[in-house]
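Notes follow once the structure below has been shown.
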Amino acid sequence: LDQASSLLETQIKNLKGEEKVKTSARLAAIRLLDRKPEAALAALDMGKDDMPASGPSVEALQNERQLLRARAYSEQKKYDEALALLQDNT
């Protein structure tokens with residue numbers, strides 16, 4: 001998992017737009033699998049400024065990122081924040 005994280009981090013530095021957002025979500029998922037919720041949140045933050053305003057996949061991508069963020073909060077025992085995100089997602 002460390003190698004995958006390192007590779008994705010390098011890629012994120014060279015990407016822009018929707019690809020950067022998607023790759024940062026992949027990195028966050030890998031970090032969650034590795035039980036590193038703080039690092040997962042940091043990965044999501046790497047792509048937050050590149051979220052496209054519109055497009056066919058924007059809503060799905062926003063939902064995915066929100067669920068990843070809720071899971072990271074849950075693993076940090078920040079249950080109120082996680083629940084708030086999940087309620088926003090419905």
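Rounding to the nearest 0.5 Å gives a distance of 8.5 Å between CD of Gln76 and CD of Glu81. The line from CD of Gln66 to CG of Asn63 is 6.5 Å long, rounded to the nearest 0.5 Å.
Ser57 is linked by a side chain to side chain donor-acceptor pair (under 3.5 Å) to Glu18, counting only residues two or more places apart in sequence or in another chain. Glu75 is linked by a side chain to side chain contact (heavy atoms under 4.5 Å, CB included) to Leu32, Arg35, Pro37, Arg71, counting only residues two or more places apart in sequence or in another chain. Under the rule for a side chain to side chain contact (heavy atoms under 4.5 Å, CB included), the partners of Leu1 that lie at least two apart in sequence or sit in another chain are Ile30, Leu33, Asp34.
Nearest heavy atom pair, residue Tyr79 against residue Ser74, reads CE2-O, 3.5 Å. When every heavy atom of Val58 is checked against every heavy atom of Ala53, the shortest pair comes out as CG1-O, 4.5 Å. The shortest heavy-atom contact between Ala72 and Ala40 is CB-CB, 4.4 Å. Between Lys20 and Leu15, the shortest heavy-atom distance links the atoms CD-O, 3.4 Å.
Taking 4.5 Å as the limit, some side-chain heavy atom of Met46 sits within range of a side-chain heavy atom of Glu9.
Taking 4.0 Å as the cut-off between side-chain N and carboxylate O, Lys16 and Asp49 do not count as a salt-bridged pair. One finds no salt bridge joining Asp50 and Lys22 here, because no Lys/Arg side-chain nitrogen approaches an Asp/Glu carboxylate oxygen to under 4.0 Å.
Listed for the Thr23 side chain is a donor-acceptor partner under 3.5 Å among the backbone atoms of Glu19. Looking only at distances, a side-chain donor or acceptor of Ser24 sits under 3.5 Å from a matching main-chain atom of Val21. At distances below 3.5 Å, not a single donor-acceptor pair connects side-chain atoms of Arg31 with backbone N or O atoms of Ser5.
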For this session: Step by step, work out the side chain to side chain contact (heavy atoms under 4.5 Å, CB included) result for Met51 and Arg65.
Result: CA-CA 11 Å; Met51 179 66 81; Arg65 290 172 51 80; 3.4 Å; yes

Exercise. Should Leu44 and Leu27 be marked as a side chain to side chain contact (heavy atoms under 4.5 Å, CB included) after you check the CA-CA gap, both sets of side-chain angles, and the distance that decides it?
Worked result: CA-CA 8 Å; Leu44 290 170; Leu27 176 58; over 6 Å; no

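Clustering ILVMFWY residues whenever any of their side-chain heavy atoms sit less than 4.5 angstrom apart, transitively, puts Leu85 in the very cluster that holds Leu41.
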